[in-house]
There are 2 protein chains.
Amino acid sequence: MARSEDGGDKKPLERLGVREIAKRVGVAPMTVSRVLSNPDMVAPATRAKVLEAIEAAGFVPNRLASSMKGNGRIIGTVVPPLINSGIAEQVQGMSDECQQGGYSMLLVQGEFTTEAEESSIRTLLGWRPAGMILQSFVQSEVARQLLVSSGAPVVEISEIKGRQPIDMVVGVSNFETAYAMTMHLAAKGYKRIGFVSTPIHGNDRLQQRRTGYHAALTELGIENHASLEVEVPITAAGGAEALVTLTERHADIDAIFFSSDTLAIGAVQECHRRAWAIPGRIGIAGYGDMDLAAQLYPPLTTVKVNRYEMGRRAVRQLLDRLGGKQKLATITSLGFEIVDRESA
Amino acid sequence: MARSEDGGDKKPLERLGVREIAKRVGVAPMTVSRVLSNPDMVAPATRAKVLEAIEAAGFVPNRLASSMKGNGRIIGTVVPPLINSGIAEQVQGMSDECQQGGYSMLLVQGEFTTEAEESSIRTLLGWRPAGMILQSFVQSEVARQLLVSSGAPVVEISEIKGRQPIDMVVGVSNFETAYAMTMHLAAKGYKRIGFVSTPIHGNDRLQQRRTGYHAALTELGIENHASLEVEVPITAAGGAEALVTLTERHADIDAIFFSSDTLAIGAVQECHRRAWAIPGRIGIAGYGDMDLAAQLYPPLTTVKVNRYEMGRRAVRQLLDRLGGKQKLATITSLGFEIVDRESA
DNA sequence: TGCAGTGATGGTACCGGAACCATTCTGCAA
DNA sequence: TTGCAGAATGGTTCCGGTACCATCACTGCA
């Protein structure tokens, strides 16, 4: 076949570089490089020839090499487990925005111990990312120091109050959301409101939600009882279990505020099993407004926070900083909405 | 302060390299490099001194540089949207296994046109990944060619039958699963079974499921009617809508097989709204066995496929190949299970 | 005493784009 | 015709870890 003789022959990717393309076209490597990153600097005729050769050879420029010259195009992200929470939507938002900005997203995901978190951050920084997005509780001072001294801009997606941020923050006031929902429930006439969450320890978002719940009760002149609060795993079964626990403890409990829709939905199923009317026997409120919430029978009253948008905004903050549009450490608070449906 | 004089002073990450560390310790750069990748080759005393200097300086080795020498430690992944399907679990499986193997996961996620898919793959290959995992329909010949000529091992997570695989495949036989569920429904006495899926065009997993459904009906001596099939978006609302459409078309329909739990759960809610008994008025079956399925009221009969394991296995295949344990293109079929609960 | 064998360490080039600066060439005003 | 701005292009070096090979010290054995 003449194929291997006509200049379009394909070497494996490993052996192809700007130098090789340059040789085939008869220009300098630098010219090929310019076609890739600053096409306008190259004469149209030359550009066309180079592009043709790139196409013919199936050349894919090596991003590692250009990154080494300080043009890193990686965004490192650390997120909690994707299952059973709004995280998936958020990751989708981050991913979409990254792609649009021409960045690639390096994802580390998991439930972290201090040690594992440190190691993950270290790995990510090894890739010399242009920026980092963390949704996780940076607890260790070492991890924090690592991030600061890396010089990369950092966005934390987290509770916007409290702990001193590393750099930028995107999030909602979990205090406000929980406070608002609790007040909302009270306004609807509920007298004895329980609070269910996933394990709170070390998670400042949940801490803030609980604090908001407490603050609302106090303002209403209701005493806080630890026995009105339960922690369960973030599963539908967990929600069902919490419902049982609380109603057994307090026969007069008339509403429960779940810190996650997943839990709330599980509780609703348990009510069906027991043929308890919702909200007749008990009111149920969730958090997150996931897709199913509106379709649920009965439709779920919940706190709507736009997780997808949160992810997008986090990346946007980063890109703005990288583009020089934004120099300062900023705190972006996204709004929220109490979606009043029928379950409470 | 003496801090800046004692050899432990911190430069920004950008200015730190093995050469700098080597200079501080008084050894050759090569020795530092060895401490990082082949500690056994370095005398314990020297090693200790180097590690100490690394620690003191907060040095994080640049993975870009080592990747350029052919030791790439990136795995590139392309997955469909994370929301409302088992993809999140699968990504979690992939992520866990990558971390354990010391690889970083570059994630591209979205709903792809031929063009966008090609561009995503091109971007990923630009990072010279050690391997690629694709869950998406590689439709364009160009994308395929790109992958093949990259030389990187590729795992497709997909239907295990049909299209010629690029390299390795991990998946389930969607035909078998759908066939089995349809037969199961028939065995339970359902006579007129509808089939609901998300848009099938271009998605061979769904095509295979529908074919399995058809094959079962044919074997049962039941004629296939296109009017028994509906396509809706992958949301709970979509499932509810499909239920309405099918029952209006066929008053005698007695069971519906949904190609996703999300759809089935939406349909169950619609039944509650209409006070239709499940399975008395109509039987509902899903696909995926998501967390909520078992907790649902009534519990959802569904096809269980272990998506987390699928993700893990995909990465494992890749790592085995990279480790030289496995040279051949393999097809790994994971099992499945018909989980018979009360909804059908 | 001599020399092969082994383990520890050093020097240098290289991976592949791109920054930087030098050079060549074109067009046009003086 | 000369001079020169400015566009197009080329040559070289660098980023930072590591493969490859050279060197050196030291042990053991003839």
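Chain letters run A, B, ... following the sequence lines, proteins first and then strands; every chain starts at 1.
The residue A:S66 sits close only to the backbone: its heavy atoms come under 4.0 Å of sugar-phosphate atoms, none of a base. Heavy atoms of B:P61 sit under 4.0 angstrom from primed sugar atoms or phosphate atoms, though from no base atom. Using a 4.0 Å heavy-atom cutoff across all strands shown, A:S67 reaches no nucleic acid atom at all. Contact annotation for A:V27: backbone-only contact, meaning every heavy-atom pair under 4.0 Å involves sugar-phosphate atoms and none involves a base. Within 4.0 Å (heavy atoms only), B:V42 reaches sugar-phosphate atoms of the nucleic acid but no base atom. Nucleic acid contact for B:S33: base, since at least one base atom lies under 4.0 Å from a heavy atom of the residue.
The interatomic distance linking B:M30 (CE) with D:dA19 (P) rounds to 6 Å, in whole Å. Atom CG of B:L64 and atom C1' of C:dC15 are 12 Å apart (whole Å). A:K49 places its NZ atom 15 Å from the P atom of D:dA8, with the value rounded to the nearest Å.
B:E118 and B:T114 form no side-chain donor-acceptor contact under 3.5 Å, judged by distance and modelled atom types alone. Neither side chain, B:E115 nor B:S119, offers a donor N or O lying under 3.5 Å from an acceptor on the other.
The base of C:dG17 lies outside donor-acceptor range of the side chain of A:R34, with no N or O pair under 3.5 Å. Evaluation of atom-type donor-acceptor distances gives no pair under 3.5 Å for the side chain of B:R63 against the base of D:dG17.
Residue order along DNA chain D, read from the 5' end via each residue's closest nucleotide, puts A:P44 first among B:K69 and A:P44.
Classification of A:R312 and A:E309 as a salt-bridged pair holds, one side-chain N sitting under 4.0 Å from a carboxylate O.
Rounding to the nearest 0.5 angstrom, the gap separating the CZ atom in B:R24 from the CG atom in B:L16 is 5.5 Å.
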